Protein chains: 2
Amino acid sequence: MQPMNLPDLPTRERLITTAARLFRRNGYHATGLAELLTAAQVPKGSLYHHFPAGKSDLAMAAADWTAAQFMRIMDDAFVPAPDFQQGATTLCHKLAKLFDLLEAADACPISALLFDGPEGEPFRTHADVTFRRLTGHLAAHGARLGLGPQAAADQAELLVMAIQGAWTIARARRSSDLLRALPARLFLR
Amino acid sequence: MQPMNLPDLPTRERLITTAARLFRRNGYHATGLAELLTAAQVPKGSLYHHFPAGKSDLAMAAADWTAAQFMRIMDDAFVPAPDFQQGATTLCHKLAKLFDLLEAADACPISALLFDGPEGEPFRTHADVTFRRLTGHLAAHGARLGLGPQAAADQAELLVMAIQGAWTIARARRSSDLLRALPARLFLR
DNA sequence: TAAAGACTAGACCAGTTGGTCCAGTGATGC
DNA sequence: GCATCACTGGACCAACTGGTCTAGTCTTTA
């Protein structure tokens, strides 16, 4: 997911990518600032310069960054696809590979950051709009590939939901097989 | 889910149900012992008497208790059902009602406790066997209702996965509609 | 009645938490 | 040469963390 971030990236980027990685792996509350800053090689002062609200601010940014990465993967899968099902199949295979790359230890990149953030509305709302953005992005591919607007929205929503669930179980099981098998189970019924 | 636990339940049960509720709502790391003990009206000494390993021990127990509750709901839905699809439909409706009862603020009762527990293998393994137990339980109903062993296992796995994903998105969206609509989307394709 | 064990109560602790603050640093524009 | 700026480094802090310990109180036995 992240291209060996540490070396030369600007401070702000180093913070975001490191935060995304750690929050995804250990959760928001289980990741201490000290650990995060050490990993990112960034002093505390810089964090509060770039993200005045501190940890929660950084978490939002990391979530956005992760969502953007995810949409890029979507595009890679769907742009060359002849139809929605093919695109979905490629997407799930890509995600399975990503899952293996992360050594099955991470929570679903989409949702990891969004659920144990600082309690309260703003964070949950951010999760909502992020999911909607992802679903919408997927639906756009569906529409482009010939699905009607309603069908595209439906299929996109179902797929996002299924990926979400599959990733969770896959993580417990430490196997990406569920992700790989997903499209076949979803579509060829 | 829990029948207004506080009043008269024995200490140990009060601890478990309160822990299940708080961990589900706020996550493991975000729930402090102080908060938990206040809510359960239990002094610290009692916690370490009943659960010598402390918080993590309690979390395991809470996860098991939650899984048991969930299997009871499964039974309620599947025992009177004429076939697997009907059972699944009833189950999802029951879960939607539960979701609304919890005011949409809680994580999926199945997985909430299992993923941001104390890092390390034992907790993840516990999540794995718990998911397998749930899936197996569901598959047994499937087999009883006439599905072949393979089909039963497949359908059960898919359903658990889908519920998992649907609950997550539903939580972000604060609406149980996704859960209610799930069986139709999964089976009537 | 006595003794034993289950259980409770909460003071106490060392370590860590997220966050503040400000003196420095180095580049840029005038 | 100088002022301004975005940024860094890290000392410092109050609040809180999970966990330990022990004195005490019940309940159950004999």
Side-chain angles (χ1 to χ4, degrees), chain A residues 5-63 113-120 122-123 126, chain B residues 5-63 113-120 122-123 126:
Chain A
N5 44 7
L6 291 179
D8 43 338
L9 268 65
T11 303
R12 199 190 140 88
E13 308 301 312
R14 246 181 309 148
L15 275 173
I16 291 181
T17 55
T18 307
R21 180 163 48 89
L22 292 183
F23 288 164
R24 204 194 312 141
R25 175 150 306 181
N26 303 126
Y28 176 84
H29 286 100
T31 305
L33 280 192
E35 178 191 3
L36 202 162
L37 293 170
T38 303
Q41 310 232 52
V42 166
K44 201 168 260 192
S46 308
L47 166 61
Y48 285 89
H49 171 75
H50 290 289
F51 301 96
K55 202 185 180 188
S56 61
D57 218 352
L58 175 58
M60 297 275 196
L113 299 143
L114 301 171
F115 276 121
D116 67 341
E119 53 219 82
F123 223 67
H126 194 78
Chain B
N5 44 7
L6 291 179
D8 44 337
L9 269 64
T11 303
R12 198 189 141 87
E13 307 301 312
R14 247 182 308 146
L15 275 173
I16 291 182
T17 54
T18 307
R21 180 163 48 88
L22 292 184
F23 288 165
R24 206 193 311 140
R25 175 149 305 181
N26 303 127
Y28 176 83
H29 287 100
T31 305
L33 280 192
E35 177 192 2
L36 203 161
L37 293 170
T38 302
Q41 309 232 54
V42 167
K44 201 168 259 192
S46 307
L47 166 61
Y48 284 90
H49 171 77
H50 290 289
F51 301 96
K55 201 186 180 187
S56 61
D57 219 351
L58 174 57
M60 296 276 197
L113 298 143
L114 301 169
F115 275 121
D116 68 339
E119 54 219 83
F123 223 67
H126 194 78

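A, B, ... follow the sequence lines: proteins, then strands. Residue 1 opens every chain. Not measured: the values here are computed from a predicted model. No hydrogens, no waters, no symmetry mates; every other heavy atom, side chains included, goes into these values.
Residues B:Leu47 and B:Thr11 are not in side-chain contact: their nearest non-hydrogen atoms beyond the backbone lie 4.5 Å or more apart.
Residue A:His49 contributes atom NE2, which lies 16 Å from atom C1' of C:dT20 at whole-angstrom precision. Distance, B:Leu36 CG to D:dT17 C1': 13 Å, rounded to whole Å. One atom, CD of A:Glu35, and another, P of C:dG15, lie 19 Å apart when rounded to the nearest Å. When rounded to the nearest whole Å, the span between CG of A:Leu37 and P of D:dC7 equals 17 Å. Spacing between atom CG of B:Leu47 and atom C1' of C:dA6 amounts to 16 Å, rounded to whole angstrom units. Computed from coordinates, the A:Lys55 NZ to D:dA15 P distance equals 19 Å when rounded to whole Å. In this structure, CG of A:Leu15 is placed 12 Å from C1' of D:dT8, rounded to the nearest angstrom. If you measure from atom CZ of B:Phe51 to atom C1' of D:dT20, you get 18 Å, rounded to the nearest angstrom.
The nucleotide whose nearest atom lies closest to any side-chain atom of B:His50 is, among D:dG18, D:dT8, C:dT8, C:dT8. Here the side chain of A:Leu33 is nearest to one of D:dG18, C:dA9, C:dG18, namely C:dG18.
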Do A:Val42 and A:Leu36 pass the side chain to side chain contact (heavy atoms under 4.5 Å, CB included) test, and can you show the C-alpha distance, the side-chain angles, and the key distance before you say yes or no? CA-CA 9 Å; A:Val42 166; A:Leu36 202 162; over 6 Å; no

Test side chain to side chain contact (heavy atoms under 4.5 Å, CB included) on B:Thr18 and B:Leu37; report intermediate values, then the result. CA-CA 9 Å; B:Thr18 307; B:Leu37 293 170; over 6 Å; no

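Contact detail for A:Gly54 and A:Tyr48: the closest heavy-atom pair is CA-CE2, 3.4 Å.
A donor N or O paired with an acceptor N or O is not found under 3.5 Å between the base of D:dG9 and the side-chain atoms of A:Lys44.
B:Gly45 comes within 4.0 angstrom of a base, heavy atoms only. No contact: A:Ser56 has no heavy atom under 4.0 Å from any strand.
In terms of modelled atom types and a separation under 3.5 Å, the side chain of B:Lys55 and the main chain of B:Tyr28 share a donor-acceptor contact.
For B:Thr11, no side-chain nitrogen or oxygen approaches OP1 or OP2 of C:dC7 to under 4.0 Å.
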